[in-house]
Amino acid sequence: MATPLVGIIMGSKTDLPIMEKASKLLEEFGVPHTIDVASAHRNPDVVLPWALGAQEAGYKVLIAGAGRAAHLPGVVAAHTALPVIGVPCLSDHLGGADALYSIVQMPPGVPVATVGIDSAKNAGILAVQILALSDPELAAKLADFRAKQSSEGMEHREISADGSTAPRVGFAPR
Ligand code: RP5
(Lines give C-alpha, C1' and ligand atoms only; values in the text may rest on other atoms or scores of the structure.)
Protein backbone atom coordinates (compact mmCIF):
# COMPACT_ATOMS: atom_id res chain seq x y z
CA MET A 1 0.00 0.00 0.00
CA ALA A 2 1.23 3.50 -0.86
CA THR A 3 2.35 5.67 2.05
CA PRO A 4 -0.55 7.93 3.04
CA LEU A 5 0.23 11.54 2.18
CA VAL A 6 -2.72 13.20 3.89
CA GLY A 7 -3.93 12.48 7.41
CA ILE A 8 -7.53 13.37 8.20
CA ILE A 9 -8.49 13.57 11.84
CA MET A 10 -11.76 14.66 13.44
CA GLY A 11 -12.95 15.19 16.98
CA SER A 12 -15.96 12.88 16.86
CA LYS A 13 -17.60 10.31 14.64
CA THR A 14 -20.45 12.82 14.40
CA ASP A 15 -18.08 14.93 12.26
CA LEU A 16 -17.73 12.10 9.73
CA PRO A 17 -20.59 13.09 7.36
CA ILE A 18 -18.75 16.40 6.90
CA MET A 19 -15.18 15.18 6.92
CA GLU A 20 -15.75 12.31 4.50
CA LYS A 21 -16.11 14.94 1.76
CA ALA A 22 -12.37 15.60 2.11
CA SER A 23 -11.72 11.89 1.84
CA LYS A 24 -13.93 11.57 -1.24
CA LEU A 25 -12.10 14.43 -2.95
CA LEU A 26 -8.71 12.86 -2.18
CA GLU A 27 -9.98 9.54 -3.54
CA GLU A 28 -10.99 11.26 -6.77
CA PHE A 29 -7.42 12.48 -7.13
CA GLY A 30 -5.94 9.13 -6.11
CA VAL A 31 -4.21 10.60 -3.06
CA PRO A 32 -3.49 7.96 -0.39
CA HIS A 33 -4.78 9.12 2.97
CA THR A 34 -6.03 7.96 6.34
CA ILE A 35 -9.05 8.92 8.43
CA ASP A 36 -8.97 8.96 12.21
CA VAL A 37 -11.31 9.99 15.02
CA ALA A 38 -9.72 11.37 18.19
CA SER A 39 -10.80 14.29 20.30
CA ALA A 40 -8.27 16.80 21.62
CA HIS A 41 -10.03 16.86 25.00
CA ARG A 42 -11.37 13.30 25.28
CA ASN A 43 -8.38 11.50 23.74
CA PRO A 44 -5.33 13.76 24.12
CA ASP A 45 -3.18 10.67 24.62
CA VAL A 46 -4.10 9.60 21.07
CA VAL A 47 -3.94 13.01 19.41
CA LEU A 48 -0.48 13.96 20.65
CA PRO A 49 1.47 10.95 19.32
CA TRP A 50 -0.54 11.12 16.08
CA ALA A 51 0.49 14.73 15.50
CA LEU A 52 4.05 14.32 16.79
CA GLY A 53 4.66 11.29 14.55
CA ALA A 54 2.85 12.50 11.43
CA GLN A 55 5.86 13.87 9.58
CA GLU A 56 8.00 10.81 10.24
CA ALA A 57 5.09 8.62 9.14
CA GLY A 58 5.30 10.26 5.70
CA TYR A 59 2.30 12.57 5.77
CA LYS A 60 2.72 15.85 3.88
CA VAL A 61 -0.52 17.61 4.86
CA LEU A 62 -2.94 17.16 7.75
CA ILE A 63 -6.65 17.98 7.76
CA ALA A 64 -8.31 18.38 11.15
CA GLY A 65 -12.03 18.91 11.65
CA ALA A 66 -13.94 19.65 14.82
CA GLY A 67 -17.04 21.39 16.09
CA ARG A 68 -17.92 23.61 19.06
CA ALA A 69 -14.77 24.70 21.00
CA ALA A 70 -12.77 23.24 18.17
CA HIS A 71 -9.24 23.06 19.51
CA LEU A 72 -8.21 19.88 17.66
CA PRO A 73 -6.72 21.63 14.57
CA GLY A 74 -4.72 24.03 16.75
CA VAL A 75 -3.47 21.26 19.03
CA VAL A 76 -2.39 19.22 16.01
CA ALA A 77 -0.67 22.27 14.46
CA ALA A 78 1.16 22.90 17.73
CA HIS A 79 2.76 19.47 17.54
CA THR A 80 3.86 19.29 13.91
CA ALA A 81 5.64 21.38 11.30
CA LEU A 82 3.33 19.99 8.59
CA PRO A 83 0.69 22.30 7.15
CA VAL A 84 -2.61 21.80 8.96
CA ILE A 85 -5.92 22.58 7.29
CA GLY A 86 -8.78 23.15 9.72
CA VAL A 87 -12.42 22.39 9.01
CA PRO A 88 -14.98 24.04 11.31
CA CYS A 89 -17.81 21.52 11.69
CA LEU A 90 -21.38 22.63 12.16
CA SER A 91 -22.87 21.63 15.50
CA ASP A 92 -26.33 22.22 16.91
CA HIS A 93 -25.28 25.50 18.52
CA LEU A 94 -24.17 28.87 17.15
CA GLY A 95 -24.36 27.75 13.53
CA GLY A 96 -20.74 26.60 13.44
CA ALA A 97 -19.42 30.10 14.22
CA ASP A 98 -18.00 28.73 17.48
CA ALA A 99 -15.85 26.22 15.59
CA LEU A 100 -14.95 28.72 12.85
CA TYR A 101 -13.62 31.29 15.30
CA SER A 102 -11.86 28.65 17.42
CA ILE A 103 -9.97 27.37 14.39
CA VAL A 104 -9.35 30.50 12.34
CA GLN A 105 -8.31 32.74 15.25
CA MET A 106 -5.04 31.00 16.02
CA PRO A 107 -2.68 33.47 17.68
CA PRO A 108 0.38 34.43 15.62
CA GLY A 109 3.03 31.71 15.43
CA VAL A 110 1.06 28.53 14.83
CA PRO A 111 -1.25 28.89 11.84
CA VAL A 112 -4.14 26.65 10.83
CA ALA A 113 -5.26 27.14 7.22
CA THR A 114 -8.97 27.38 7.83
CA VAL A 115 -11.67 26.62 5.27
CA GLY A 116 -15.34 27.54 5.59
CA ILE A 117 -17.86 25.91 7.92
CA ASP A 118 -18.44 22.33 6.74
CA SER A 119 -16.14 22.94 3.75
CA ALA A 120 -14.22 19.69 3.97
CA LYS A 121 -14.22 19.40 0.18
CA ASN A 122 -12.20 22.62 0.00
CA ALA A 123 -9.81 21.20 2.59
CA GLY A 124 -9.28 18.23 0.27
CA ILE A 125 -8.69 20.52 -2.71
CA LEU A 126 -6.24 22.66 -0.75
CA ALA A 127 -4.33 19.53 0.30
CA VAL A 128 -4.15 18.45 -3.35
CA GLN A 129 -2.88 21.92 -4.32
CA ILE A 130 -0.09 21.68 -1.73
CA LEU A 131 0.89 18.19 -2.87
CA ALA A 132 0.71 19.21 -6.54
CA LEU A 133 3.57 21.69 -6.00
CA SER A 134 5.96 18.75 -6.06
CA ASP A 135 3.93 16.25 -8.11
CA PRO A 136 3.47 17.08 -11.81
CA GLU A 137 0.97 14.24 -12.33
CA LEU A 138 -1.25 15.60 -9.57
CA ALA A 139 -0.80 19.13 -10.94
CA ALA A 140 -2.15 17.92 -14.30
CA LYS A 141 -5.18 16.33 -12.60
CA LEU A 142 -5.77 19.58 -10.75
CA ALA A 143 -5.66 21.53 -14.02
CA ASP A 144 -8.28 19.13 -15.48
CA PHE A 145 -10.43 19.53 -12.37
CA ARG A 146 -10.27 23.32 -12.69
CA ALA A 147 -11.04 23.21 -16.42
CA LYS A 148 -14.08 20.97 -15.84
CA GLN A 149 -15.31 23.23 -13.07
CA SER A 150 -14.87 26.25 -15.29
CA SER A 151 -16.82 24.76 -18.20
CA GLU A 152 -19.62 23.74 -15.80
CA GLY A 153 -19.68 27.35 -14.61
CA MET A 154 -20.10 28.53 -18.17
CA GLU A 155 -23.04 26.15 -18.66
CA HIS A 156 -24.71 27.70 -15.62
CA ARG A 157 -24.08 31.14 -17.07
CA GLU A 158 -25.71 30.20 -20.36
CA ILE A 159 -28.80 28.96 -18.51
CA SER A 160 -29.03 32.17 -16.49
CA ALA A 161 -28.62 34.31 -19.63
CA ASP A 162 -31.33 32.46 -21.60
CA GLY A 163 -28.85 30.74 -23.88
CA SER A 164 -26.89 33.87 -24.63
CA THR A 165 -23.33 34.38 -23.47
CA ALA A 166 -23.68 38.14 -23.78
CA PRO A 167 -23.30 39.87 -20.42
CA ARG A 168 -26.44 41.30 -18.89
CA VAL A 169 -26.59 44.99 -18.12
CA GLY A 170 -27.57 45.75 -14.53
CA PHE A 171 -30.39 43.70 -13.08
CA ALA A 172 -32.96 44.38 -15.78
CA PRO A 173 -35.00 41.21 -16.47
CA ARG A 174 -35.00 39.96 -20.04
C1 RP5 B 1 -16.22 18.22 19.07
O2 RP5 B 1 -17.47 18.32 19.66
C3 RP5 B 1 -16.40 17.28 17.92
O4 RP5 B 1 -15.50 17.62 16.90
C5 RP5 B 1 -17.82 17.43 17.51
O6 RP5 B 1 -17.97 18.30 16.40
C7 RP5 B 1 -18.48 18.06 18.72
C8 RP5 B 1 -19.54 17.20 19.32
O9 RP5 B 1 -19.01 15.92 19.58
P10 RP5 B 1 -19.96 14.71 20.01
O11 RP5 B 1 -20.51 15.07 21.35
O12 RP5 B 1 -21.04 14.61 18.95
O13 RP5 B 1 -19.10 13.49 20.03
O14 RP5 B 1 -15.28 17.74 19.96
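What's counted below: heavy atoms across the whole structure, side chains too, no hydrogens, waters or symmetry copies. Ligands are counted one by one from 1 in listed order, and the atoms in each one are counted from 1 as well.
Side-chain contact check for Ser91 and His93: no donor-acceptor pair (N or O, by modelled atom type) lies under 3.5 Å. Side chains of Thr34 and Tyr59: a donor on one and an acceptor on the other come within 3.5 Å.
Contacts of Met10 with ligand 1, taken as heavy-atom pairs under 4.0 Å, are absent altogether. Contacts with ligand 1 closer than 4.0 Å are made by side-chain heavy atoms of His41 only, the backbone lying farther away.
Of the protein's non-hydrogen atoms, the one nearest atom 2 (O) of ligand 1 is Gly67 O, 3.9 Å.
Looking at ligand 1, you'll find an N or O of Asp15 within less than 3.5 Å of one of its N or O atoms. For ligand 1, none of its N or O atoms has an N or O atom of Cys89 under 3.5 Å away.
Without hydrogens or angle criteria, His71 side chain to Ala69 main chain gives a donor-acceptor distance under 3.5 Å.
Of all atoms in ligand 1, numbered sequentially from 1 with element shown, those under 4.0 Å from a heavy atom of Ser12 are 3 (C), 4 (O), 5 (C), 9 (O), 10 (P), 12 (O), 13 (O). Of all atoms in ligand 1, listed by their number and element, those nearer than 4.0 Å to a heavy atom of Arg42 are 9 (O), 10 (P), 11 (O), 13 (O). Set against the non-hydrogen atoms of Ala66, the atoms of ligand 1 under 4.0 Å away are 4 (O).
Considering Thr14, Ile18, Val37, Asp92 only, the shortest heavy-atom separation from atom 8 (C) of ligand 1 involves Thr14.
Using a 4.0 Å cut-off between a side-chain N of Lys or Arg and a carboxylate O of Asp or Glu, Arg68 and Asp92 qualify as a salt bridge. Between Glu152 and Lys148 a salt bridge is recorded (basic side-chain N to carboxylate O distance below 4.0 Å).
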Inset, instruction - Decide salt bridge (Lys or Arg N to Asp or Glu O under 4.0 Å) for Lys60 and Asp135; before the verdict, give the C-alpha distance in whole Å, the side-chain angles of both, and the deciding distance to 0.1 Å. - result: CA-CA 12 Å; Lys60 302 293 180 209; Asp135 182 338; over 6 Å; no
Inset, instruction - Check step by step if side chain to side chain contact (heavy atoms under 4.5 Å, CB included) holds for Val6 and Ile63. - result: CA-CA 7 Å; Val6 179; Ile63 298 175; 3.9 Å; yes
